[in-house]
Amino acid sequence: MLDLKFLRNNIDLVKTALANRGMKADLEDFELQEKERRRILPEMEELKHRRNTVSDQIAGMKKKGENAEDLISEMKTVSATIREFEQRLAKTEDVIHSILLEIPNIPDESTPVGRDESDNPVLKTVGDIPEFDFTPKAHWDIGEGLGILDFERAAKITGARFPLYFGAGAAMERALINFMLDIHTTRHGYTETLPPFMVNRKTMTGTGQLPKFEEDLFKLENWDYFLIPTAEVPVTNIFQDEIIDEDKLPIYYTAFTPCFRSEAGSHGKDTRGLIRQHQFNKVELVKFVKPDNSYEELEMLLNNAETILRELGLPYQVITLCTGDIGFSAAKTYDIEVWMPGQNAYREISSCSNFTDFQARRANIRFKRKGKKGTEPVHTLNGSGLAVGRTFAAILENYQQADGSVIVPEALRPFMRTDRIEP
RNA sequence: GGAGAGGUGGCCGAGCGGCUGAAGGCCCCGCUCUCGAAAAGCGGUAUCCUGCCAAAAGCGGGAUCGUGGGUUCGAAUCCCACCCUCUCCGCCA
């Protein structure tokens, strides 16, 4: 959410930002409603002021045993008028608030202007792409060949786009989760958390999934609860409506959770394999920081996510998302894309973003500077560290052997009972 | 599911129709005392919106005692609904 005063004073800047994102919002209506609000407000407050002073007066008179009937009857009509003003004000404030909730964050100056994903510049490429003296297979063929993945039975149990792991496959998924959490907690200074996997509407609004993107979420019947699409949602909202002490910042949290996404509008995309599932596992990194250095923190966060890929020996590239491709709540985003030999392409495996004060304002997460008056919204950041299912797929494809077996990356071996997965 | 208790400032906790943005305490920040510290003493210390102001500071106004309604000239205090927490009983991983 943008700051009301900021928006009021920078309408043109916001218009440009929206145009760069290829979107528009009803800023004309906003200006109209905001003008209306500021017309009603002083009138109403003046009446309330009168009511407050006269009520005191009545109290004084009653104490002395004087008759206050005239004042009381006057205040009856004043109160009725106030009630009318309040209703009108509530209406315009509702409209303003709902417009505000639908305006995306302003991209940072360093976010390149562009139309869509084809305009995302590559920032760097890391690691050597493996060479094969046979035609590398896709991970779903490898996994099914090894008997560690079974999409057909998963579809029987639930439906399309659900994973089912067996044996060494299930063990490797678990090993990856432990491996990632261990690195982030022991080497990168994150505190492990294990949050709820369902959240309420307010929490979903806090991070920006609602109100605009409800169709992307799974919602429970008879409950106003949603399955989380990422741990970002429950973890960022840990400090919802709180004022954090300045010396507690920065706060780093990591969390393993399953993620649930309806993938509305992705029909026909990535229909096979682990890339696009309704349920997948992810280790997430979340930061609460002071505004002063949030972009430095983003670089560190990106590096924390990259570490996992480097440790696993997986080749990848980092791209900067352009204004046309960046998410609703983000001001700047790096995507990490892992090399998938079976598809001869880089595929997204992590997304690291600085949300600046956008989520903090929605979720009302503030901090207080020592010796200074008032509060400020914190800056929130998050990134996948990493998407576990996609990491699993990347390992199968990059470490596959001619005989159909898969070598377990060295860093992962302490977490597994084997150094090779064989049929 | 049944019975009861309760939600007040950063924290603890009093208030139960007007003089209460809210006693008292703690935390924190200044100052005094001290070579310095501790202790003690004094003072300050909520948030949001809004007017004056280029802005900051400051001053003025409004709002906020779980949330939303209601009663009243006036509500933290009374009434209704909802949410949440705790205790006991039942059920259950």
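Protein chains get the first letters and strands the later ones, always in sequence-line order, with residue 1 at the start of each. As the structure is a prediction and not an experimental result, all values here were calculated from the model.
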If the cut-off is 4.0 Å, is [X] near the phosphate of [N], judged by side-chain N/O to OP1 or OP2?
X: Arg51(A); N: rG62(B); answer: no
X: Ser73(A); N: rC73(B); answer: no
X: Thr375(A); N: rC48(B); answer: yes
X: Arg39(A); N: rU50(B); answer: no
X: Arg369(A); N: rC29(B); answer: no
X: Asn52(A); N: rG18(B); answer: no
X: Arg50(A); N: rC73(B); answer: no

* Which is true for Lys5(A) with a 4.0 Å heavy-atom rule: it touches a base, it touches only sugar-phosphate, or it touches nothing? ->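 Since only primed, P, OP1 and OP2 atoms lie under 4.0 Å of Lys5(A), the category is sugar-phosphate.
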
* Asked: NA contact type, Leu71(A), heavy-atom cut-off 4.0 Å: base, sugar-phosphate, or nothing?
  ->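 Leu71(A): no heavy atom of the nucleic acid under 4.0 Å.
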
* RNA chain B: 5'-proximal contact among His49(A) and Lys368(A) (nearest heavy atom) ->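 Per heavy-atom nearest nucleotide, the more 5' residue is Lys368(A).
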
* Asked: If each of Leu4(A) and Ile72(A) is mapped to the nucleotide of RNA chain B with the nearest heavy atom, which maps nearer the 5' terminus, i.e. the 5' end?
  ->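 Nearest nucleotide further toward 5': that of Leu4(A).
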
* **Cationic N near anionic O, under 4.0 Å, Asp270(A) to Arg276(A)** =>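 Yes, this pair counts.
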
* **Arg8(A)/Glu34(A) salt bridge by N-O under 4.0 Å criterion** =>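 Salt bridge: yes.
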
* To do: Quote, to the nearest angstrom, the C1' distance that separates rU50(B) from rC65(B).
  =>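 Going atom to atom, C1' in each nucleotide, I get 22 Å.
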
* For rG17(B), which nucleotide in any strand shown is its Watson-Crick or wobble partner with both distances under 3.5 Å? ->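 With both distances under 3.5 Å required, rG17(B) matches none.
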
